[in-house]
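Here's the structure, in structure tokens; my notes come after.
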Amino acid sequence: MLNIYCPICQRDCDETELSCGGQAHLIRRDHASSDKDFYEYLYERKNGKGIIFERWRHVYGCGKWFHTARCTLTNQVFGSYSAKEVQPPKSILATIRRSRVDFKGWVK
Amino acid sequence: MKRYSLSSIFTEAFRDNLGWEKAWTKRQPKKEYQIIIVGGGGHGLATAYYLAKNFNMTDIAVIEKGWIGGGNTGRNTTIIRSNYLQESSIGIYEKSRFLYETLSQDLNYNIMFSPRGVLMLCQTEHELRAMKRTSHANRINGVDTKMVAPEEVKEIVPIININGPRFPVLGALWQPRGGTARHDAVAWGYARKCSDFGIDIIEQCEVIGVKKKREKIVALETTKGNIKAKKVCFVAAGHSSVLADLAGFRLPIESVALQALVSEPIKPMIDCVVMANTVHGYLSQSDKGELVIGGGADGYNNYSQRGSFHHIEETVRALVETFPVISRLRQLRQWGGIVDMTGDRSPIISKTPVDGLYINCGWGTGGFKAIPGSGWATAEMIYNERPGKLASPFSIDRFSEGRLIDESAAAAVAH
């Protein structure tokens with residue numbers, strides 16, 4: 001069972017309290033964008049095997065969105081940060097690097 | 001290849017079974033092939049088999065990261081049905097179910113296809129209405145299904161509790177020619193026949209890179225060296241995105257763990273497949289006597305082949321309510337597989353941005369039932385270099401073109 005820290009409630013939450021919202025840091029597109037960009041925004045996901053950055057919502061708690069770094073293979077969680085961040089903060093990247101020497105950093 | 005027959009069993013019985021051959025030959029890769037299929041599960045092997053059988057192509061390698069049938073082919077709940085809503089889905093799933101009917105004879109391998117009937121319960125008014133619509137769609141497209149009343153459900157499955165309290169059974173969609181088959185045997189049967197056609201089956205060979213020349217595929221880098229190929233097809237289910245990454249494009253799929261479990265073996269108590277979509281669980285009994293139970297997929301992307309614990313509880317809780325008699329049974333085994341979910345819950349059988357590279361993925365939670373049909377359609381696409389009638393609705397373009405094949409309501413459980 002995943003145990004994820006909610007930065008708003010400032011406590012660890014059980015997986016059953018949360019709901020996953022998929023890949024974080026997507027660029028939101030509107031009607032003026034090209035078909036290709038809109039397709040990417042709607043459907044194309046990184047879906048990698050390894051470290052991912054994703055959105056979570058504390059549904060049965062504060063109800064707020066936040067971001068988390070997690071490994072999709074081992075389910076290790078590297079920490080949470082505010083959904084207002086446009087890219088993963090340095091502290092999270094450093095935490096990941098400490099346990100994954102081959103981590104290449106965040107890719108847009 | 002020696003044929004399996006009554007006389008071969010008879011002969012072997014008199015010489016201590018010493019004459020049986022290995023079902024398929026394990027090979028090392030050659031330098032070059034006409035076609036490489038990446039993924040030695042049911043879909044990959046079926047693709048290779050139909051390329052050989054329907055198009056006489058045999059310069060083919062099937063390469064597999066693990067072992068044959070060790071992925072989702074050996075991890076599903078073995079259900080076969082074709083009661084889908086959309087015309088294009090019905091086309092491919094019904095083709096598949098039809099091929100399953102005689103697959104044991106075609107492969108000379110007993111896949112134990114058992115058309116025992118599939119019952120999809122309706123436990124809310126909305127579900128009842130949706131299923132009625134599906135049954136009409138099925139009838140128009142020549143799939144034999146019908147709606148049955150709660151009393152008939154009780155007659156078909158005497159152990160069921162149709163009175164609720166939370167979710168009384170209001171009716172069900174009944175497909176009498178749906179059922180189950182032995183999942184491992186499907187992979188082994190295809191592998192044996194492929195090997196007989198001269199197709200190389202290479203296990204423990206993982207793809208680690210894709211070599212392209214001017215956006216055309218030329219070779220695959222694998223853990224057993226580089227292999228050149230004119231055409232390559234990725235058939236890797238949950239790991240398709242990883243392969244697509246190597247080839248330099250992204251797919252509209254997300255990988256999640258889907259779980260199943262079996263109970264301890266007991267005497268026969270249920271002789272059909274029951275799916276309860278509203279409460280999230282489905283049940284059948286294997287020939288060994290175990291109740292085979294499937295449930296929901298994880299709510300987040302992962303490759304852990306394990307699954308969240310609380311999903312088991314949810315599934316079992318729901319089934320105990322519908323089948324009170326199973327409440328004392330103990331769980332024997334639990335496992336997970338990585339399924340590749342598309343936005344519209346329909347598969348992708350398509351060409352890719354890379355010339356000479358094809359893909360078959362996105363079967364999500366229900367790929368086993370589609371193995372023969374999917375292999376048939378993919379083989380046709382690879383040979384003709386364009387998708388045929390069965391495969392063409394399932395191209396990747398459908399997402400950007402907005403012609404989704406919405407089957408989220410027809411999936412085994414609500415996702």
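All chains are named by letter (A, B, ...) in the order of the sequence lines, taking the proteins before the strands, and each is independently numbered beginning at 1.
- Heavy-atom neighbours of chain B within the stretch residues 67-88 of chain A, taken at a separation under 4.5 angstrom, comprise A/Arg70, A/Thr72, A/Leu73, A/Thr74, A/Asn75.
- Between atom CG of residue B/Asn226 and atom CD1 of residue B/Ile208 there is a gap of 8.0 Å, rounded to the nearest 0.5 Å.
- Under a cut-off of 6.0 angstrom, the local environment of NE2 in B/His310 is crowded, with over 12 non-hydrogen atoms contributed by other residues, nucleotides or ligands.
- B/Ser255 and B/Asn301 share no side-chain donor-acceptor pair at under 3.5 Å.
- Within residues 94-108 of chain A, the residues having any heavy atom under 4.5 Å from a heavy atom of chain B are, by residue number, A/Lys108.
- Nearest heavy atoms, B/Ser240 versus B/Cys361: OG-CB, 3.2 Å.
- Side-chain contact annotation: B/Glu206 with B/Thr222, donor-acceptor N/O pair under 3.5 Å absent.
- If you measure heavy-atom distances from B/Phe309 to chain A, the contacts under 4.5 Å come from the side chain alone.
- Note on B/Arg317 versus B/Glu321: no salt bridge recorded, every NZ/NE/NH1/NH2 to OD/OE distance being 4.0 Å or above.
- Relative to the six-membered ring of A/Trp65, A/Arg55 meets both conditions, a distance below 6.0 Å and an angle of at most 45° to the axis.
- One side chain, B/Gln259 or B/Gln334, offers a donor N or O that lies under 3.5 Å from an acceptor on the other.
- For residues 1-12 of chain A, the interface with chain B (any heavy-atom pair closer than 4.5 Å) comprises A/Met1, A/Leu2, sorted by residue number.
- At a 4.5 Å heavy-atom cutoff, the contact between A/Tyr39 and chain B is made by side-chain atoms alone.
- Neither the backbone nor the side chain of B/Ile338 comes within less than 4.5 Å of any heavy atom in chain A.
- Between B/Arg398 and B/Asp344 there is a salt bridge, since at least one side-chain N of the basic residue sits less than 4.0 Å from a carboxylate O of the acidic one.
- Atom CD of B/Glu401 is surrounded by more than 12 heavy atoms from other residues, nucleotides or ligands within 6.0 Å.
- For A/Glu44, the parts lying near chain B are the backbone and the side chain together; criterion is any non-hydrogen pair under 4.5 Å.
- With hydrogens and angles ignored, the 3.5 Å screen pairs a side-chain donor or acceptor of B/Glu64 with a backbone N or O of B/Gly40.
- Annotation: residues 16-31 of chain A contacts chain B through A/Thr16, A/Cys20 [non-hydrogen atoms, separation under 4.5 Å].
- Distance check, rounded to the nearest 0.5 Å: NZ of B/Lys211 to NZ of B/Lys216 gives 15.5 Å.
- By the neighbour-count criterion of 12 heavy atoms within 6.0 Å, atom CZ of B/Arg386 is sparsely surrounded, having that number or fewer from other residues, nucleotides or ligands.
- In this structure a side-chain-to-backbone donor-acceptor pair under 3.5 Å is present from B/Asn302 to B/Tyr300.
- Around atom NZ of B/Lys212, more than 12 heavy atoms belonging to other residues, nucleotides or ligands sit under 6.0 Å away.
- Aromatic pair B/Phe368/B/Trp363: ring centres not closer than 6.0 Å.
- In this structure a side-chain-to-backbone donor-acceptor pair under 3.5 Å is missing from B/Ser241 to A/Gly48.
- Taking each heavy atom of B/Ala377 and B/Ile92 in turn, the nearest pair found is CB-CD1, 3.9 Å.
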